[in-house]
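Inspection log for the structure reproduced underneath, given as structure tokens.
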Amino acid sequence: MDPALLRDRELFKKRALTTPAVEKRPAPSESSKKKRAKLDLGGTSGSKQNTEGSNGSFNLKGLSGSSGYKFGVLAKIVNYMKTRHQRGDTYPLTLEEILDETQHLDIGIKQKQWLMSEALVNNPKIEITDGKYSFKPKYNLKDKKALLRLLDKHDQRGLGGILLEDIEEGLPNSQKAIKALGDQIVFVTRPDKKKILFYNDKSCQFSVDEEFQKLWRSVPVDSMDDEKIEEYLKRQGITSMQESGPKKVIPVQKRKKSNSQKKRRFKTHNDHLAGVLKDYTDVTPGKP
């Protein structure tokens, strides 16, 4: 081949490699445009949610239809009614007044209807009087005299004491009233750290003759368990106090293995040779 043609071909190749080639893309169709628009919208909404979550802001109104929001409002209302009762504000309130004081006036109509027709009506800690709501404690006590009467009644009936938390729930300014009663009541702390109040019956504080004490201590009760004692008291018409504290679980004791091993008995098959064979069971090994 002609050398001049070869040189021209090599120069053409070099120019083609150095020259950039631009490819013309086809125009996008209508379906691809719609898909791209949806992706862009999803990305922007997701970025907004991420930024709101990172800022720590949470929109409660957005959850107004969820059960978690409803029960959260109910719990706040019950706690508020309990707090105002302990404070001494025992007069009832309308639902609008409760929502105003708990800052929940912006709840929806469905939530209000649920509170009026179901939640507050069926709540054991809420009492309804003439369309108004008030807190309903276990023991509704007005003052320290009412507390002392209640403890005295429990003591006379053999019911024992009352939990301090139940008294604090139903007696306004309970700590002040309990402190004013002084030695008329007695505190007992249970193993679970809960405190119980008892009536201090001073008429039971008397001296017992020493001979009677000896007779009392001489009566054996080791064979009597709690069930037998309770059964005997019932037959005599006496109500025993039920233990309200936590019960201790008694661990099961494992049986100890005996050190002495029982001798094994083997079945003999050579009874016809009795008197001929010799018994070596008592002979220790190593001795003749």
Side-chain angles (χ1 to χ4, degrees), residues 78-79 82-83 85-88 90 124-125 127 134-260 262:
V78 175
N79 288 332
K82 177 182 176 180
T83 304
H85 182 90
Q86 292 172 336
R87 208 167 50 218
T90 57
K125 292 296 181 183
E127 187 176 12
S134 59
F135 185 70
K136 184 182 179 182
K138 187 175 182 179
Y139 303 106
N140 196 0
L141 305 169
K142 293 182 179 180
D143 50 21
K144 62 181 181 181
K145 292 181 180 179
L147 171 60
L148 197 62
R149 285 195 299 269
L150 178 65
L151 292 173
D152 187 14
K153 189 183 294 183
H154 266 244
D155 182 65
Q156 291 177 11
R157 293 179 178 177
L159 300 175
I162 301 173
L163 282 169
L164 176 61
E165 59 186 30
D166 291 338
I167 293 171
E168 289 176 340
E169 182 186 74
L171 178 61
N173 304 314
S174 58
Q175 292 298 327
K176 186 178 179 181
I178 291 169
K179 190 176 180 181
L181 290 174
D183 62 347
Q184 297 182 73
I185 56 177
V186 179
F187 279 96
V188 175
T189 305
R190 291 193 327 196
D192 59 354
K193 306 300 181 184
K194 289 188 176 182
K195 292 184 178 181
I196 304 176
L197 265 68
F198 289 86
Y199 177 71
N200 187 13
D201 191 358
K202 294 182 180 180
S203 63
C204 297
Q205 298 175 2
F206 53 87
S207 59
V208 181
D209 188 65
E210 189 175 350
E211 186 177 353
F212 182 79
Q213 292 182 30
K214 289 179 181 179
L215 288 171
W216 175 269
R217 295 192 180 101
S218 65
V219 178
V221 290
D222 296 337
S223 60
M224 299 287 290
D225 56 7
D226 292 341
E227 291 182 0
K228 290 181 180 179
I229 294 172
E230 188 175 355
E231 186 180 350
Y232 174 78
L233 291 173
K234 284 182 179 179
R235 286 201 304 267
Q236 303 301 321
I238 302 172
T239 305
S240 61
M241 177 183 172
Q242 299 296 325
E243 185 181 358
S244 57
K247 295 182 179 179
K248 293 183 180 180
V249 179
I250 302 173
V252 180
Q253 294 182 353
K254 295 182 180 179
R255 293 181 180 178
K256 294 182 179 180
K257 294 181 179 180
S258 58
N259 295 327
S260 60
K262 293 181 180 179

Pairs flagged by salt bridge (Lys or Arg N to Asp or Glu O under 4.0 Å) wherever [range] is involved - sequence neighbours left out:
| range | result |
| --- | --- |
| residues 159-171 | K125-E169, K138-D166, E165-K194 |
| residues 210-219 | none |
| residues 144-157 | none |

Please name the pair of heavy atoms, one in [X] and one in [Y], separated by the smallest distance, quoted to 0.1 Å.
| X | Y | result |
| --- | --- | --- |
| G170 | P137 | CA-CB, 3.5 Å |
| N79 | T83 | O-OG1, 2.8 Å |
| R190 | D192 | NH2-OD2, 2.7 Å |
| P172 | G88 | CB-CA, 3.8 Å |

Measure the shortest side-chain to side-chain distance between [X] and [Y] over non-hydrogen atoms and say whether it is less than 4.5 angstrom.
| X | Y | result |
| --- | --- | --- |
| L148 | Y199 | yes |
| L163 | I196 | yes |
| L197 | I178 | yes |
| Y232 | R235 | yes |
| N140 | H85 | yes |

How many angstroms lie between [atom1] in [X] and [atom2] in [Y], if you round to the nearest 0.5 Å?
| X | Y | atom1 | atom2 | answer |
| --- | --- | --- | --- | --- |
| L215 | Q213 | CG | CD | 10.5 Å |
| I167 | L151 | CD1 | CG | 5.0 Å |
| L141 | S174 | CG | OG | 10.0 Å |
| Y139 | I162 | OH | CD1 | 4.5 Å |
| Q86 | L171 | CD | CG | 9.5 Å |

